[in-house]
2 protein chains.
Amino acid sequence: MFSQSEENYLKAIFHLQQESEKGVSTNELAESLDTKAASVTEMIKRLADKNLVDYQKYYGVHLTNSGELQALKVIRKHRLWETFLVDRLNFAWDEVHDVAEQLEHIQSQKLVEELDRFLGRPKYDPHGDPIPDEKGNIPDAPTKRLIQLQKGHKGICKGFNDTSSSFLQFLEKIDIGLGTEIEVIHIESFDESMTVKSNGKEIALSKMATDNIYIEEIEVN
Amino acid sequence: MFSQSEENYLKAIFHLQQESEKGVSTNELAESLDTKAASVTEMIKRLADKNLVDYQKYYGVHLTNSGELQALKVIRKHRLWETFLVDRLNFAWDEVHDVAEQLEHIQSQKLVEELDRFLGRPKYDPHGDPIPDEKGNIPDAPTKRLIQLQKGHKGICKGFNDTSSSFLQFLEKIDIGLGTEIEVIHIESFDESMTVKSNGKEIALSKMATDNIYIEEIEVN
DNA sequence: ATTAAAAATTAGCACATCCTAAATTTTTAT
DNA sequence: ATAAAAATTTAGGATGTGCTAATTTTTAAT
Ligand SMILES: [Mn+2]
Ligand SMILES: [Mn+2]
Ligand SMILES: [Mn+2]
Ligand SMILES: [Mn+2]
């Protein structure tokens, strides 16, 4: 139906437009897709012709409903494949991205449906990211971040904003993963860095790190 | 490493060159890849530049060792994925081809290795075709065909020469599959058609059909 | 051996996707 | 309000892969 390149653009636009109401800019897209602004402008015009995006010259793009559904289908496949790779094929969570980036473009309605069934209809991928259903509905995802937790409070790690392999490897090193219980021991006010306790150890985390960790707060009575 | 198109050419050349010593012709390839002769000539030149084929203008192509290894890697992936689809994802054996045609191009050494392990290192795919190992070694495959079996003799179905979905669906209909025991009841000499008995039923098979069914003869004492 | 038919190649073009450099428009700073 | 800077688009070109039509070479028929 759509080319790999088109699908990659739709996905990138989807992710970037989460961050603000404004149209996604040409440069943002170029950066995110590791290509040049001129190429982005070209592709955007093609996507607009196919009614996948609304495009106003110089003012960025928005996905149309059709474009968004398409993007969600690709994201669904990406996350299902990641789940397959980690749960069934012994991939580490920081090894799956490049392969899922290819597998997400395989065209077969039946394959997606059967894969989903085979995996037990998972709601979240190995990074805690929600897996949209075939209609494009996304399960609730945690929105609270570790950075928002107050001193003395606890939470369960539910996901990550940055899923780059460098960040995932960092998490591995400090022994924090999905489901890990984290308690805020201290907040350093001048740089918002934190000391937390998890798996029995005390760990210092930068603002950058705590802003990338989603948690579900545990009510402490 | 190589484009999808290049990989498809290598695979097609590999399969066509099984049939004779002579170079694979431009028209054969065009037919097999559903493209035009002119396009084939172009691609062949590119493959020759990359030392994947030996090419003599007007006299067809042969795979080089490197081209053959490459082709075998693609065939390995194709057959492993077919096995996955049938064994794990409930695909019917005549539904897997198009999807495997896409999946065979996914680039990841680790993925192939882990998939192979996950599937239990299968030797044959759902159509009875042998799965090459990572070095390109192919397990023995049956070479005797039903058409060669004499009246009164029996064999076990081990594979098929034609694995098009129309032939597979025909086999489904007459209830013949891998492992089915087949006995030759009668051979009609004028057109080489056969009456066989399998699963308790007597079935009439054309020469075309019996020439496409591989069997391992059972010694009758 | 000559010629007709078939097969293969070349020439010229199209489309998707990418690029650099130049031009244009918008945004920011003064 | 103007000018400089930044962002974006346009122009022009490259590459990979396909096509049709014309040409060349090989093969088959007489
Ligand atoms: Mn991708
Ligand atoms: Mn993920
Ligand atoms: Mn293929
Ligand atoms: Mn097969």
Side-chain angles (χ1 to χ4, degrees), chain A residues 1-13 16-17 19-63 67 70-71 74 101-102 104-107, chain B residues 1-13 16-17 19-63 67 70-71 74 101-102 104-107:
Chain A
M1 196 76 169
F2 300 104
S3 73
Q4 298 209 178
S5 194
E6 288 170 330
E7 290 190 341
N8 286 337
Y9 272 84
L10 292 175
K11 203 166 52 121
I13 296 167
L16 290 170
Q17 79 178 9
E19 280 152 33
S20 100
E21 295 292 292
K22 314 218 66 173
V24 176
S25 79
T26 303
N27 271 356
E28 274 179 299
L29 269 172
E31 155 90 288
S32 152
L33 290 162
D34 196 24
T35 182
K36 297 301 155 71
S39 308
V40 172
T41 302
E42 278 235 334
M43 178 59 95
I44 279 174
K45 284 194 250 174
R46 275 197 296 276
L47 295 175
D49 286 345
K50 298 185 178 182
N51 276 305
L52 294 166
V53 299
D54 289 323
Y55 171 47
Q56 248 209 298
K57 249 192 192 179
Y58 291 101
Y59 294 92
V61 282
H62 287 275
L63 292 175
Q70 212 45 53
V74 179
E101 207 55 45
Q102 300 176 60
E104 71 190 359
H105 302 293
I106 303 290
Q107 305 286 346
Chain B
M1 196 76 168
F2 300 104
S3 72
Q4 298 209 179
S5 194
E6 288 169 331
E7 290 189 342
N8 286 336
Y9 272 85
L10 293 174
K11 204 166 52 119
I13 296 167
L16 290 171
Q17 79 177 9
E19 280 153 35
S20 103
E21 295 291 291
K22 315 218 66 172
V24 176
S25 78
T26 303
N27 272 355
E28 275 180 298
L29 269 173
E31 156 90 285
S32 152
L33 289 162
D34 195 24
T35 182
K36 296 300 154 74
S39 308
V40 172
T41 302
E42 278 238 336
M43 177 59 95
I44 279 174
K45 284 194 250 172
R46 275 197 296 275
L47 295 175
D49 287 345
K50 298 186 179 181
N51 277 304
L52 294 165
V53 298
D54 290 323
Y55 172 47
Q56 248 209 300
K57 248 191 194 180
Y58 292 101
Y59 295 91
V61 282
H62 287 276
L63 290 175
Q70 211 45 52
V74 179
E101 207 54 45
Q102 299 176 59
E104 71 190 0
H105 303 293
I106 302 290
Q107 305 286 345

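The analysis underlying the following values was restricted to heavy atoms, covering all of them including side chains, and did not include hydrogens, waters or symmetry mates. Lettering follows sequence order; numbering is per chain, from 1.
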From CD of Gln56(B) across to P of dT26(D) the rounded distance in Å is 10 Å
If you look at every strand shown and take non-hydrogen atoms under 4.0 Å, does Thr26(A) touch a base, only sugar-phosphate, or nothing?
sugar-phosphate
Are the side chains of Val24(A) and Tyr9(A) in touch, meaning some heavy atoms are under 4.5 Å apart?
no
For the side chain of Tyr9(B), starting at C-beta, report the closest nucleotide among dA8(C), dG18(D), dA7(D).
dG18(D)
How many whole angstroms separate atom CD of Glu28(A) from atom P of dT26(C)?
18 Å
So, is Ser39(B) near the phosphate of dC19(D), with a side-chain N or O under 4.0 Å from OP1 or OP2?
yes
Do Leu10(A) and Val74(A) have side chains that approach each other closer than 4.5 Å (heavy atoms only, starting at C-beta)?
no
Check the phosphate of dA6(C) against Asn27(B), side-chain N and O only, distance under 4.0 Å to OP1 or OP2. Yes or no?
no
Under 4.0 Å: is that the gap between some side-chain N or O of Lys45(B) and OP1 or OP2 of dT10(C)?
yes
Is the shortest side-chain N to carboxylate O distance from Arg46(B) to Glu42(B) below 4.0 Å?
yes
Measure from CD on Glu31(B) to C1' on dA6(C) and round the result to the nearest Å.
15 Å
Tell me: OH of Tyr58(B) to P of dA5(C), nearest whole Å?
19 Å
Are any of the side-chain heavy atoms of Ile13(B) and Val61(B) separated by less than 4.5 Å?
yes
For DNA chain D, whose closest nucleotide is more 5', that of Tyr59(A) or that of Glu42(A)?
Tyr59(A)
Assign each of Gln4(A) and Ala38(A) the nucleotide of DNA chain C bearing its closest heavy atom; nearer the 5' end lies the nucleotide of Gln4(A)
Starting from P on dG18(D), measure out to CG on Leu47(B) and report it in whole angstrom.
11 Å
Starting from the first five and the last five pairs of the helix from dA1(C)-dT30(D) to dT30(C)-dA1(D), work out the angle between the resulting helix axes, to 10 degrees.
0°
Between Tyr55(B) (OH) and dA7(C) (P), how many Å, whole number?
16 Å
Just N and O in the side chain of Arg46(B): are any of them under 4.0 Å from OP1 or OP2 of dT17(D)?
yes
Once you apply a heavy-atom cut-off of 4.0 Å, does Thr41(A) come out as touching a base, just sugar-phosphate, or nothing?
base
Taking the side chain of Thr35(A) as heavy atoms from C-beta outward, which of dT17(D), dT26(C), dC18(C) is closest to it?
dC18(C)
Side-chain contact test, heavy atoms from C-beta onward, threshold under 4.5 Å: evaluate it for Glu6(A) versus Lys50(A) and give yes or no.
yes
Without swapping roles, check the side chain of Glu28(B) against the backbone of Leu16(B) for a donor-acceptor pair under 3.5 Å.
no
Side-chain heavy atoms of Lys57(A) within contact of Thr41(A), under 4.5 Å:
no
May I have the distance from Lys36(B) (atom NZ) to dA21(D) (atom P), rounded to whole angstrom?
10 Å
4.5 Å side-chain heavy-atom contact, Glu7(B) and Gln107(B)
yes
Nucleotide dG18(D), atom C1' - distance to CD1 of Ile44(B) in whole Å
15 Å
Looking only at the side chain of Lys57(B) (C-beta and beyond, no hydrogens), which of the listed nucleotides dG18(D), dT10(C), dT17(C) gets closest?
dT10(C)
So, is Ser5(A) near the phosphate of dA16(C), with a side-chain N or O under 4.0 Å from OP1 or OP2?
no
